[in-house]
Structures are given as C-alpha cells and as structure tokens.
Protein chains: 2
Amino acid sequence: MSAPGEASKADLVHRQLKEEIELGELAPGTPLSELWLVERTGASRTPVREALRRLAAEGLVDLAPRQGARVSRVSLRSVRDLFDFRSLLEPAAMREATEAAAADPELRRVFAAMRTEFARTARRVPSQARSRAFYELADRFDWAIIGATGNEHLRRTIAELRPHTARLRNLSHVDPRRVEVSVTEHLRMCDALLAGDADEAAAAVADHLAQSLATIFRNLAVGPGDGVDLLG
Amino acid sequence: MSAPGEASKADLVHRQLKEEIELGELAPGTPLSELWLVERTGASRTPVREALRRLAAEGLVDLAPRQGARVSRVSLRSVRDLFDFRSLLEPAAMREATEAAAADPELRRVFAAMRTEFARTARRVPSQARSRAFYELADRFDWAIIGATGNEHLRRTIAELRPHTARLRNLSHVDPRRVEVSVTEHLRMCDALLAGDADEAAAAVADHLAQSLATIFRNLAVGPGDGVDLLG
DNA sequence: GGTATACAACTTGTATACACTGTTGGCCGT
DNA sequence: ACGGCCAACAGTGTATACAAGTTGTATACC
C-alpha cells in the first residue's frame, strides 16, 4: 500500500509501448530493438524484454527469435479475423451484461446514465471534439460491458482484443458520418440492455460490429491484393 | 536449421513446466520459487522468469507481484467458466473446419481416417490402455480441428484453453463409462463434419462439451461451497 | 563481372550481481 | 500470557556483463 509506484518498470514500459502502438505513434512494422527501447524508456533490458514478450503475447508485436521485434503489421485478413472473432465473443458478453443488469439495479443505473450521455452526444454538432468525446464514452461503455461479464476467460479475451480495435481506429481516419451512425447503434444497445432483452442486445452488438468493419474496410481499402499489409 | 536446440532455454522450461502442470505432477497451489526452478531445471533465473510469465499469461500460474508464483488453483467456478467459454468457441471452430473440409479433399481424407480410428477404438474392450489411446486420438482430432480453423484469434484462443482441459482430465480420474460415450460423441462429430453439415457438427460439439462438463462435475463434486478450491 | 567467403557490427539469449520489498520468527514490553 | 515491534531472511525486481547467433558488407577468387 505504501509502494511508491505500485507498478514495476516492466509494467510501465509495457503500458507506454502499448499506448504508443495503439495510437499509431509506433507504426506497424517499426523495429523495436531492445537497446533502442532501453535508451528511450530509461529502464534496463530486463523489464524491456518482459514488456516486449507481453506485447507479443497480446499480438501487438511480432517477435522473431534471434532477430528482434517489430510492431505487428495489419493486413486485411487480420482485420477480418479480428472482427469475426469479436462478433463471436461480444454478443455473448452483451448477453451476460444484460442479465447482470437485470439483476443489479446499481448496474442498471450506470448504463442508464451512459444512455443519457450517448443521447446528449447525438445532439451535439459534428466536430472533431464530439468524435473524441464519443469514442471516449464508447470506450467506457465497452469497459462497463466487459466488467459486467462474469466469465473470466471471456472477459480477458475481449479485453485483449481492445487495443487492436483501438489501433485500427487510430490508423484510419475517423469518419464523422460513421460517428453519427455509431451513436445510434450504441443507443440501441443501451435500450436493449436496459430492457433486459438479451437477444436484441446481442443482435445490436453484431450489427454494430458489422457496420464498424464495413467502415474500416472502406477507409482502408487501398492495396492491390488481399494479403497486402496496409502500414509498415 | 543447424541450430543445436532450435528452442531457447525459456522455451524448454516453459514446455516442461506446462507439461508437469497439465499432468498434475505439479499440483494446484504448489509454490514455484524462481530459485527452486533454477535448481530443478538447470537454467538461470532469466529464462525461468520468462517461462513463469508466459505460464501466467496462459492462466496456468498465478503470479503475485512481489511474492512469487503458484500453480493456479482450480475452482468449480473456473471449471464452469472454462466450459462455457469452450462452448462458445469450439462450435464456431467446428463450423469453420466443416466448411474447410468440404472444400479440401485432402483434409476430408484426414478426418475420414480419424473416424475409422474412432470406430476401431469403440470396438476395443474397455481398459486403461484403451482410455489412453482414445484420449490420445481425441487430442489429435482436436488439434486437427484447431489446425483447420482459419481465424488466427479463434485458433490461438482455443489452443490456449487446451492445457486447462487436459489438466482437469488428469486431476480427476478417468471414468471408463465416460470414454464409452465420448467415443460415440466423436463419431457423431466426424460424421457431421464429413457430411458437410456445419449445424449438426456444431451441435455435436456443444453436446460433447456439456457431457464432459457434467462428468467432470460428478467426479469432482466434493466441497461444501461453490468457490471451494478442489486441489491445493 | 558474378559469386562465394570471411569478417564486422549488431541483435538477442543467458548468467549473475545488486537493490529492494515482504515475510517470518523471536524478543521485548505490557 | 498476549500483543506489537524489530531484525534477519528469503524472494522477487532490476541492472549489467558475457555468450552466441544473424545479417550485411567488403573482399578475394573464379
């Protein structure tokens, strides 16, 4: 309790790198030499190594045994895989959250408050600030869903996918019209969840994911072939 | 190709520990001091640490920040979570495998051969040897399904759950009658897969998992409460 | 001119020494 | 006898030195 940091240097390096990869500041394909990270972070090789291994386990870094680490690349294939997988997991999580909310008034209150915030966001004029505010709110919503998920495996797996999704958002530019639609999708999810309608809530998540994927593909569609790496 | 080991010491330690945990030789709750593992494995602390972190990421080891690692405990809750999660993932994987097999004659041949082996197993007299042979075959079947899964996330996640399942099997004793039923369940899966009936294949997996869970709960049911740790 | 080979720089893999924290047992005081 | 304090210990977190492998380049040879 008295620990100055509570977090080890490995934690700090891990968090910092994860954030930079998520934000796209470290572009896909960027080589991550341990020594370079040592200079950059001030930590020694041991915690840097640990952070790299963790990132590799999360799929944010590609690790080649004796030749170093790179920020993982993003292919059209990997995007499709990611969203297919999310489409499998997140409706299930939403179902659990819906049932949890039905049984827990406090949780219901939290989601009701978020619904109000989404509605308020919907009425704001489109702007970069609104987009930022929306995505920040959507993040909190997602975390609330994750938190309401009882199944440890499901919770951890979904949480591990989030940085990938966030990175995609940050690598492609935000489309204001997409925000418009996404707000209404979130309202639909909130309504179903608050109504205790698990099927509808799950369907809402699935639709939301399908729409997100379509938008991302539209904004990313560039390369000649399918297996082409987008960035890096 | 000329590398003497191809595998780093961290890999070796990781693999060894994983196997020992899976087999139950290292019981849940067993403290895993780094120094003890250093003596035990002959490697130095660095690879030992890396192996421990990896095992922790896989959920086979519980890591308490400044006080060491223990083999992760198994609770009724964790068993339920595991099987609920598998029930979400594996039918989806089976669907993918079914479609892959429909499109790939070579793959179909592999599964047909396995079906034959399952049938042969069914005709053997019940014995410990048959049980071992069956589980070895079932393992190969599972890996074939995993291998036929196109989605990287799905594949990796399912693969990561396998050691947990195997450990449960090894911690509870094998029930010969369960083997009997499980063989027929696998035959049903093979038939559906070879017939290209994805729905039936998925349903077969779901039933198989439900039966497995029921058996494990029957064989483990002991403790007073729900949250009670079984071993360690 | 092209190819093979030896070398050099750099990278990761491993071992070990040091720093710091949490725990445990005993001791003292009450 | 019981409870709290303190010190020795054990264990992890970190830094760094050393070993081994890989890649790219320059050079010699065909």
Side-chain angles (χ1 to χ4, degrees), chain A residues 1-18 20-21 26-73 229 232, chain B residues 1-21 26-73 232:
Chain A
M1 309 312 195
S2 64
E6 271 290 2
S8 67
K9 295 206 175 181
D11 286 335
L12 296 177
V13 174
H14 170 72
R15 187 152 37 188
Q16 178 186 336
L17 252 54
K18 185 156 117 182
E20 288 180 326
I21 293 174
L26 289 172
T30 305
L32 298 174
S33 144
E34 293 175 2
L35 262 60
W36 182 65
L37 292 173
V38 163
E39 290 179 4
R40 225 165 151 282
T41 62
S44 77
R45 274 187 66 205
T46 311
V48 163
R49 265 179 85 79
E50 186 177 326
L52 281 177
R53 308 317 249 235
R54 251 191 262 178
L55 291 167
E58 296 167 9
L60 291 172
V61 155
D62 287 336
L63 216 46
R66 286 232 177 225
Q67 47 199 78
R70 291 173 171 278
V71 178
S72 71
R73 295 171 191 281
D229 294 325
Chain B
M1 306 307 203
S2 65
E6 271 290 2
S8 68
K9 296 206 175 182
D11 286 335
L12 295 176
V13 174
H14 170 73
R15 187 152 37 187
Q16 177 185 338
L17 252 55
K18 185 156 117 182
E19 187 168 330
E20 288 179 329
I21 293 174
L26 289 173
T30 306
L32 299 175
S33 144
E34 292 176 1
L35 262 61
W36 182 65
L37 292 173
V38 162
E39 290 179 3
R40 226 166 150 281
T41 63
S44 77
R45 274 188 66 205
T46 310
V48 163
R49 266 180 83 81
E50 186 178 325
L52 281 177
R53 308 319 249 239
R54 251 190 262 177
L55 291 167
E58 295 167 9
L60 291 172
V61 155
D62 288 335
L63 217 46
R66 287 241 177 215
Q67 49 199 73
R70 291 172 170 278
V71 177
S72 70
R73 296 170 190 282

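Each chain gets a letter, A, B and so on, in the order its sequence line appears, and its residues count up from 1.
Ion pairing between A/E58 and A/R53 fails under the 4.0 Å rule for side-chain N and carboxylate O. The pair B/R15-B/E20 fails the salt-bridge criterion, with no side-chain N (NZ, NE, NH1 or NH2) lying under 4.0 Å from an Asp/Glu carboxylate O.
Nearest heavy atom pair, residue B/A69 against residue B/L63, reads CB-CD1, 3.3 Å. Counting all heavy atoms, side chain and backbone alike, A/G29 lies closest to A/R70 at O-NH1, 2.6 Å.
Under a 3.5 Å cut-off, the side chain of B/T41 and the backbone N or O of B/L37 do form a donor-acceptor pair. Without hydrogens or angle criteria, B/T30 side chain to B/V71 main chain gives no donor-acceptor distance under 3.5 Å.
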Do any N or O atoms of the protein come closer than 3.5 Å to N or O atoms of nucleotides 7-9 of chain D, and which pairs are they?
none

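B/V61 has its side chain within reach of B/I21: a pair of non-hydrogen atoms, C-beta onward, lies under 4.5 Å apart.
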Produce a footprint string for nucleotides 10-16 of chain C: one letter per nucleotide, 5' end first; B if the base is under 4.0 Å from any protein heavy atom, S if only the sugar-phosphate is, - if neither.
--BBBBB
Going through the distances and angles, do B/E50 and B/R54 end up as a salt bridge (charged side-chain N to carboxylate O under 4.0 Å, His left out)?
CA-CA 6 Å; B/E50 186 178 325; B/R54 251 190 262 177; 2.9 Å; yes
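Rounding to whole angstrom units, CZ of residue A/R70 and C1' of D/dT22 are separated by 14 Å.
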